[in-house]
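Just below is one structure, and these are the notes that go with it.
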Amino acid sequence: MKNYPRVGKRQGQPAFRIPSSFKNNVHKVVRQIPKGQVLTYKEVAYRAGSPRAYRAVGNILNKNYDPNIPCHRVVRSDGKSGGYNRGSDKKKEILESEKAI
DNA sequence: GCGCTGACTGTCA
DNA sequence: ATGACAGCCAGCG
């Protein structure tokens with residue numbers, strides 16, 4: 001049987017509060033990521049209030065590229081860097097630089 | 001208001 | 001271990 005990732009109930013309950021939209025939440029969460037710390041899209045989605053919105057997270061970051069948002073600190077669960085607006089190559093560099101510190 | 005897309009994730013073959 | 005497929009979410013046209 002396919003044990004799908006769906007927990008069953010809608011856990012779309014924000015642990016803290018909903019500023020406005022999921023997008024805003026994602027923004028906030030990613031910005032709160034400490035230097036040298038990387039979170040997976042799933043983690044970010046969970047923090048944003050939707051554990052299954054990892055798709056939306058990528059969609060938001062991809063279209064809404066902000067200099068204040070270290071999207072490079074968001075990586076895939078596979079351990080890959082994923083993508084980056086400036087180029088995955090740059091993302092890797094930044095990640096290594098911050099990780100090294 | 002509806003439909004498509006996307007920087008994803010998890011499971012099966 | 002690698003590849004392919006399916007599923008869910010929110011934003012945007």
Side-chain angles (χ1 to χ4, degrees):
Chain A
M1 30 316 226
K2 293 158 86 133
N3 226 359
Y4 264 69
R6 42 134 77 150
V7 283
K9 264 182 142 222
R10 298 277 276 183
Q11 296 189 33
Q13 301 297 345
F16 287 85
R17 64 187 75 190
I18 306 182
S20 280
S21 302
F22 187 76
K23 183 166 77 77
N24 202 315
N25 237 334
V26 174
H27 256 224
K28 208 174 147 137
V29 172
V30 177
R31 208 191 313 169
Q32 282 180 44
I33 300 177
K35 192 166 153 200
Q37 179 71 44
V38 292
L39 294 174
T40 62
Y41 285 93
K42 202 171 43 170
E43 291 287 295
V44 176
Y46 186 80
R47 284 182 171 211
S50 292
R52 293 183 210 101
Y54 31 75
R55 287 276 194 131
V57 176
N59 203 359
I60 292 161
L61 294 172
N62 162 13
K63 277 161 184 143
N64 296 279
Y65 152 55
D66 282 272
N68 300 334
I69 303 185
C71 21
H72 59 264
R73 285 180 198 160
V74 187
V75 298
R76 283 185 43 164
S77 312
D78 302 89
K80 289 153 184 55
S81 309
Y84 194 45
N85 306 19
R86 307 305 288 288
S88 49
D89 178 62
K90 192 88 170 185
K91 180 173 177 175
K92 210 171 84 126
E93 269 194 282
I94 302 170
L95 220 57
E96 293 246 329
S97 277
E98 300 203 336
K99 225 159 56 152
I101 302 181

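To find a chain, count down the sequence lines: A is the first, B the second, and so on, and within it residues start at 1.
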*Interatomic spacing from CD1 in Ile94(A) to CZ in Arg86(A) - rounded to 0.5 Å*: 8.0 Å

[X] [atom1] to [N] [atom2]: how many Å, rounded?
| X | N | atom1 | atom2 | result |
| --- | --- | --- | --- | --- |
| Asn62(A) | dC4(B) | CG | C1' | 14 Å |
| Tyr54(A) | dG7(C) | OH | P | 12 Å |
| Tyr84(A) | dC8(B) | OH | P | 15 Å |
| Lys80(A) | dC8(B) | NZ | C1' | 12 Å |
| Leu61(A) | dG6(B) | CG | C1' | 11 Å |
| Arg47(A) | dA10(C) | CZ | C1' | 20 Å |

*For Lys42(A) and for Gly58(A), locate the closest nucleotide of DNA chain B by heavy-atom distance; then report the residue assigned to the nucleotide nearer the 5' terminus.*
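Going by which nucleotide is closer to the 5' end, it is Gly58(A).
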
_Whether Arg47(A) side chain and Val29(A) backbone form a donor-acceptor pair below 3.5 Å_ = no

Using every non-hydrogen atom in the two residues, find where [X] and [Y] come nearest and quote the distance to one decimal.
| X | Y | result |
| --- | --- | --- |
| Phe22(A) | Ala53(A) | CZ-CB, 3.4 Å |
| Leu61(A) | Asn85(A) | O-ND2, 3.4 Å |
| Arg31(A) | Pro70(A) | CA-CD, 3.9 Å |

OP1 or OP2 of [N] under 4.0 Å from side-chain N/O of [X]:
| X | N | answer |
| --- | --- | --- |
| Ser88(A) | dA7(B) | no |
| Arg76(A) | dT9(B) | yes |
| Ser77(A) | dT9(B) | yes |

*Sort out the partner of dC8(C) for me: Watson-Crick or G-U wobble, both distances under 3.5 Å, none otherwise.*
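By the stated definition (distances under 3.5 Å), nothing pairs with dC8(C).
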
*Which nucleotide, in any strand shown, forms a Watson-Crick or G-U wobble pair with dA7(B), with both distances under 3.5 Å?*
none

_For dC8(B), does the base pair up with any side-chain atom of Arg55(A) as donor and acceptor (N or O, under 3.5 Å, distance only)?_
yes

*Between the base of dA7(B) and the side chain of Tyr41(A), is there any donor-acceptor pair under 3.5 Å?*
yes

N/O to N/O distances under 3.5 Å, protein versus nucleotides 11-13 of chain C:
residue, atom, partner, partner atom, Å
dG11(C), OP1, Lys23(A), N, 3.3

*Mind running side chain to side chain donor-acceptor pair (under 3.5 Å) on Asn59(A) and Lys63(A) for me, showing each step along the way?*
CA-CA 6 Å; Asn59(A) 203 359; Lys63(A) 277 161 184 143; 2.8 Å; yes

*asked:* Between Val30(A) and Val57(A), is there a side-chain heavy-atom distance shorter than 4.5 Å?
replied: no

